[in-house]
2 protein chains.
Amino acid sequence: MRTAPPIDRLVAALKRLPGIGDKSATRLAFFLLGAPDAVGQELGEAIARLKRDIVLCAECFDLTDASPCAVCRDPKRDPSLLCVVEEPADLAAIDATGKFRGHFFVLGGALSPIDGVGPEELRIRELEERVRHGIVKEVILATNPNAEGDATAHYVSERLRPQDVTLTRIAYGMPLGGDLEYADHVTIGLSLDHRRAID
Amino acid sequence: MRTAPPIDRLVAALKRLPGIGDKSATRLAFFLLGAPDAVGQELGEAIARLKRDIVLCAECFDLTDASPCAVCRDPKRDPSLLCVVEEPADLAAIDATGKFRGHFFVLGGALSPIDGVGPEELRIRELEERVRHGIVKEVILATNPNAEGDATAHYVSERLRPQDVTLTRIAYGMPLGGDLEYADHVTIGLSLDHRRAID
């Protein structure tokens, strides 16, 4: 779409974001043109400051503005429960549920030989060290429910097995609000395999 | 979702954009965190420069970086054909089709008494002036196909009627690739009313 160069430039920059195509980018650019200056200013500043103000938490390796992060510092959280995730975004998603009151550990990805990600690329040694302190009683492997996440969960559990710690994996099953008619066969099969007794 | 403040700030700024909710904003923020610095820098700069570098074209009132704009300056375009749109985004959408080789005129909105937009808030006087020069032979009213756009097209056509100019309105009908089964009744009715002879 041909527009003025400053708009084209913004549209091009927006299109590099995931899930934003030509139409969405154009719509966002015209929105910003019409919006109060503060909207664009705050967005521009937030983007500029993002990487400058972010560090890794030395304990859980989450992205934070102060290490250790707020979750690791929180005395109300149960340090015996450690939830292992691939990425900071996964941590944020689990924490947003409000269902988990333990600690986290960010591996930094999942095993993926095709992408050149082996055990050395993940923080598995740091995880072993963390568990070795003896405070953690259960490690919940909350890597993604896909082939890489499963392989990673399996590998991490093998590495941690020598230590005196319970290893668990998040449940597979039907998503809430899902429709059996449209669910894939593997998910339906897993939701049958993993069925639970009704209390 | 609780994350580090610099991420929260960016998520909050992104959520003010249309069509971007909590989940999309979080996904975009984590993408920017993981992306090369240039991606965020270019986006931030494009946003910052957007309003500074944009002016209104004195002829068509489109947003441009130089007035008159590239479309108005283009000698290959037909000045006898004037397409009247509500907003610059509409102009860009029509121009992107490559089907229209005339000139444009941006009204600056549509009549909407409920939002306090009357004829004085639109550039109707400027449009009358433009048509009065006598170069324009046909005015295509390409305001949006909704109640406000229809009312605006009707009002503008009444205002221009004293002048020696042909007035047309963009066609209503079924969108290409649409499905009659799922189309609304009014559109189906209009696509019947506006049926054309097959060549």
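Atoms considered below: every heavy atom in the structure, side chains included; atoms not considered: hydrogens, waters and symmetry mates. First the proteins, then the strands, lettered A, B, ... as listed; each starts at 1.
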Taking every heavy-atom pair that is under 4.5 Å apart, which of Gly40(B), Gly19(B), Pro88(B) has the most such pairs with chain A?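 Most heavy-atom pairs under 4.5 Å with chain A: Pro88(B).
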May I have all residue pairs that pass side-chain hydrogen bond (donor to acceptor under 3.5 Å, both in side chains) and include part of residues 27-36 of chain A, sequence neighbours excluded?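 Pairs touching residues 27-36 of chain A that pass the test: none.
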Quick test of your reading: applying side-chain hydrogen bond (donor to acceptor under 3.5 Å, both in side chains), list the pairs with at least one residue in residues 84-93 of chain B, sequence neighbours left out, ordered by first then second residue.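 Pairs touching residues 84-93 of chain B that pass the test: Glu86(B)-Asn144(B).
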Heavy-atom contacts under 4.5 Å, residues 46-53 of chain B to chain A: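 Contacts with chain A: Ala46(B), Ile47(B), Arg49(B), Leu50(B), Lys51(B), Asp53(B).
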Output all residues satisfying side chain to side chain donor-acceptor pair (under 3.5 Å) with Glu42(B), sequence neighbours left out; order by chain, then residue number.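 Partners of Glu42(B) under the side chain to side chain donor-acceptor pair (under 3.5 Å) test: Arg16(A).
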Does the side chain of Asp65(B) come within less than 4.5 Å of Ile7(A)'s, by heavy atoms?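 Side chain of Ile7(A) against side chain of Asp65(B), heavy atoms only: no contact under 4.5 Å found.
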Beyond-backbone contact of Leu28(A) with Ile20(B), side-chain heavy atoms, under 4.5 angstrom: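 Yes, close enough: below the 4.5 Å cut-off.
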With a sphere of 6.0 Å drawn around CG of Asp164(B), does it hold more than 12 non-hydrogen atoms of other residues, nucleotides or ligands?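 12 or below, so no.
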Are there more than 12 heavy atoms of other residues, nucleotides or ligands under 6.0 Å from atom CZ of Arg132(A)?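 Counting other residues, nucleotides and ligands, CZ of Arg132(A) exceeds 12 neighbours.
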Pro6(A) and side chain to side chain contact (heavy atoms under 4.5 Å, CB included): which single residue from Thr64(B), Ile54(B), Leu63(B) fits?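 One option only clears the test, and that one is Ile54(B).
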Examine whether an atom of Ala12(B) lies under 4.5 Å from a heavy atom of chain A, and if so say whether it belongs to the side chain, the backbone or both; otherwise answer neither.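 Neither; nothing under 4.5 Å.
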Under 4.5 Å heavy-atom distance to chain B, tell me which part of Ala35(A) shows up: side chain, backbone, both or neither.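 The answer is the backbone of Ala35(A).
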Quick check for you: among Leu32(A), Leu33(A), Val39(A), Leu14(A), which has the greatest number of heavy-atom pairs under 4.5 Å with chain B?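 Maximum pair count with chain B is reached by Leu33(A).
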